[in-house]
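In what follows, a single structure is set out as structure tokens and then discussed.
Everything numeric in this text was worked out from a predicted model, so none of it was measured. In listed order, ligands and their atoms are each counted from 1.
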Amino acid sequence: MKRIVVTGGAGFIGSCYVRYALKTYPELHVITVDKLTYAGNLDNLKEVDQKRHTFVKADIADAAAMEKAMEGCDAVVNFAADSHVDRSIMEASDFIATNVRGVHNILEAAKKLGTARILLVSTDEVYGSIEKGSFKETDALNPRNPYSASKAGGELLGMSYFHTFNSPVIVTRGSNTYGPFQYPEKVMPLFITNAIDDQPLPLYGDGKNVRDWLFVEDHARGIDHALRHGAPGNIYNIAGENERENVVLTHRILKEVGKGTDLIKPVKDRVGHDRRYSIDSHKLKALGWEPKMNWDEGVALTAKWYKDNEWWWRPIKDGSFKEYYKRQYEDREKA
Ligand code: NAD
Ligand code: DAU
């Protein structure tokens with residue numbers, strides 16, 4: 001592969017993927033296509049070799065723009081999405097526009113242009129909640145919030161294009177991802193940055209919901225592994241193998257930032273809050289991928305990154321994020 005389009009490459013995982021791919025493949029040229037929503041940030045791509053990188057500001061929901069950007073590429077890797085569950089609960093229309101219609105445009109452009117690989121980055125949330133055991137790729141989908149339903153819609157369209165048109169579609173389903181450059185609406189960077197500022201950590205419900213934590217570089221490598229070694233028409237789970245209750249994660253963060261548990265503020269639960277996510281990634285492991293980051297090291301590294309890089313997150317938290325935070329947490333905190 002000489003030329004790949006990475007949609008959503010200015011976001012958290014997408015930018016890690018762009019950095020990883022350019023570092024790993026010296027001959028590769030990456031075209032990042034990103035709408036630069038509130039979550040997109042060109043600072044995330046500052047350190048990449050710009051000679052082998054082209055940035056195109058475009059919306060994946062714009063069919064003509066996608067066709068133009070993808071001309072002559074060997075593969076497209078789609079990260080572009082509205083990605084935050086709480087925002088999808090407030091208002092879901094952007095989620096449908098990007099996560100479903102946008103994916104459809106990518107599939108259509110790839111069909112017309114004959115793109116050799118289409119990798120759709122999806123999520124473990126499409127399976128829904130599981131009390132015991134772990135979901136395999138063959139298990140039924142049961143998405144239970146507007147975000148995960150829109151992601152399921154996008155990947156189902158992708159698989160339908162494989163079956164109907166023989167489009168070379170591969171889907172990955174990753175678990176909760178953490179690490180540097182994550183927008184501070186998600187629990188890990190929100191709690192780290194709130195703790196740095198001695199602000200309350202709003203823990204939903206009883207704090208016993210379980211998420212499986214995957215370090216961002218492990219996720220990026222997993223996606224690249226599926227792209228290069230996976231087979232079209234296949235789905236690959238990418239698990240972190242670090243399941244933790246939210247309350248355990250919260251204590252770990254506070255320890256790392258050096259703050260007390262008095263900062264924990266139990267608040268009203270997320271509606272439709274999935275209790276536990278768990279996936280089995282033996283299928284991708286059989287192709288030679290495995291997660292490398294140890295949990296304690298990953299949390300320490302992530303907390304240190306936020307401590308050392310206030311230039312990155314302070315302008316975000318001081319800007320329009322404040323309005324979102326008020327809307328999302330004000331009433332919750334009263335409950
Ligand atoms: P993010 O919100 O940090 O980044 C999303 C990026 O997509 C941003 O740069 C944004 O500007 C861009 N974007 C949004 N709408 C767009 C549009 N219409 N056209 C072009 N660009 C658009 O998200 P993330 O956490 O990096 O997630 C990346 C992908 O991985 C998403 O598809 C998400 O569903 C999936 N995923 C995320 C996680 C996680 O824990 N963060 C886990 C599994 C899967
Ligand atoms: O599982 C993969 C998914 O992980 C991705 O597909 C999504 O894009 C990503 O946002 C993430 O979804 P979650 O809803 O699991 O992540 P979030 O960081 O929002 O929440 C993680 C857990 O922490 C969840 O159980 C809710 C809880 N939480 C979250 C926030 C923001 C809190 O207790 N307090 C909070 O303020």
Side-chain angles (χ1 to χ4, degrees), residues 6-17 32-42 44-45 56-62 65-66 69 77-89 94-95 97-99 101-103 105-106 120-127 143 145 147-148 150-151 154-155 172-179 181-191 194 200-214 216 219-220 222-223 238-240 244-247 249-250 264-267 269-270 273-279 325 328-329 332:
V6 178
T7 52
F12 165 49
I13 310 172
S15 66
C16 179
Y17 181 77
T32 295
V33 177
D34 200 296
K35 183 181 171 184
L36 297 181
T37 65
Y38 75 91
N41 188 344
L42 287 178
N44 300 358
L45 294 168
V56 178
K57 185 172 186 300
D59 186 339
I60 63 166
D62 177 344
M66 281 320 293
V77 184
N78 179 52
F79 291 90
D82 266 299
S83 68
H84 192 39
V85 173
D86 289 325
R87 289 190 195 248
S88 80
I89 293 167
D94 284 352
F95 289 74
T98 295
N99 303 0
R101 292 204 75 84
V103 170
N105 287 336
I106 291 171
L120 301 179
V121 176
S122 189
T123 167
D124 63 356
E125 292 205 14
V126 295
Y127 295 112
N145 61 60
Y147 160 72
S148 54
S150 68
K151 291 297 291 182
E155 62 160 88
T172 58
R173 294 178 181 151
S175 63
N176 276 67
T177 306
Y178 73 102
F181 297 105
Q182 185 169 29
Y183 191 86
E185 65 192 350
K186 307 284 164 47
V187 75
M188 186 88 115
L190 178 72
F191 281 16
N194 277 14
L201 313 191
L203 186 61
Y204 295 167
D206 66 2
K208 292 194 170 170
N209 297 65
V210 173
R211 294 295 181 266
D212 169 33
W213 293 98
L214 170 65
V216 64
H219 196 167
I223 289 164
I238 307 180
R244 298 286 183 282
E245 285 184 348
N246 291 335
V247 65
L249 166 77
T250 307
I264 301 175
K265 172 130 184 80
V267 298
D269 207 354
R270 173 185 281 174
H273 196 177
D274 283 335
R275 193 63 167 169
R276 174 174 175 258
Y277 294 140
S278 184
I279 49 174
Y325 198 78
Q328 171 65 15
Y329 293 97
R332 246 195 178 97

Show the atoms of ligand 2 that are less than 4.0 angstrom away from any heavy atom in [X].
X      : value
Ser83  : 7 (C), 8 (O), 9 (C), 10 (O)
Leu203 : 33 (O)
His84  : 19 (O)
Asp124 : 1 (O), 2 (C)
Val85  : 14 (O)
Leu190 : 36 (O)
Phe191 : 34 (N), 36 (O)
His273 : 24 (C), 25 (O), 26 (C)

May I ask you to check whether Asn78 and Thr7 show a side-chain donor-acceptor distance below 3.5 Å?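 Side-chain D/A pair, Asn78 to Thr7: present.
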Under 3.5 Å side-chain donor-acceptor pair for Lys186 and Ser83: yes
Nearest atoms (heavy-atom pairs only) where [X] meets [Y]:
X      : Y      : result
Gly154 : Leu120 : O-CD1, 3.9 Å
Gly179 : Val216 : CA-CG1, 4.1 Å
Ile264 : Leu203 : CG2-CD2, 4.0 Å

Arg101, CZ: over 12 other non-hydrogen atoms inside 6.0 angstrom: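 No, the 6.0 Å shell around CZ holds no more than 12 heavy atoms from other groups.
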I would like to know whether Tyr178 and Arg211 meet side chain to side chain donor-acceptor pair (under 3.5 Å); could you show each step before the answer? CA-CA 11 Å; Tyr178 73 102; Arg211 294 295 181 266; over 6 Å; no
Counting both backbone and side chain atoms, is some N or O of [X] under 3.5 Å from an N or O of ligand 2?
X      : answer
Met188 : no
Glu125 : yes
Tyr147 : yes
Tyr277 : no

Does ligand 2 have an atom under 4.0 Å from some heavy atom of Glu185?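 Flag set, Glu185 near ligand 2.
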Taking any residue with a non-hydrogen atom under 4.0 angstrom from an atom of ligand 1, which ones do you get? Gly8, Ala10, Gly11, Phe12, Ile13, Asp34, Lys35, Leu36, Thr37, Ala39, Gly40, Ala58, Asp59, Ile60, Phe79, Ala80, Ala81, Ser83, Thr98, Val121, Ser122, Thr123, Tyr147, Lys151, Gly174, Ser175, Asn176, Thr177, His219
Could you please spell out the steps behind the side chain to side chain contact (heavy atoms under 4.5 Å, CB included) verdict for Asp62 and Asn105? CA-CA 7 Å; Asp62 177 344; Asn105 287 336; 5.8 Å; no
Those residues that, when tested against Lys35, pass salt bridge (Lys or Arg N to Asp or Glu O under 4.0 Å) (two or more places apart):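 Residues passing salt bridge (Lys or Arg N to Asp or Glu O under 4.0 Å) with Lys35: Asp59.
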Evaluate the criterion salt bridge (charged side-chain N to carboxylate O under 4.0 Å, His left out) for residue pair Arg275 and Asp206; output intermediate values, then yes/no. CA-CA 11 Å; Arg275 193 63 167 169; Asp206 66 2; 2.8 Å; yes
Establish, yes or no, whether the cationic atom of Arg332 lies under 6.0 Å from the six-membered ring centre of Tyr204 and within 45° of the ring axis. yes
Under 3.5 Å, is there a donor-acceptor pair between the side chain of Asn209 and the main chain of Asp274? yes
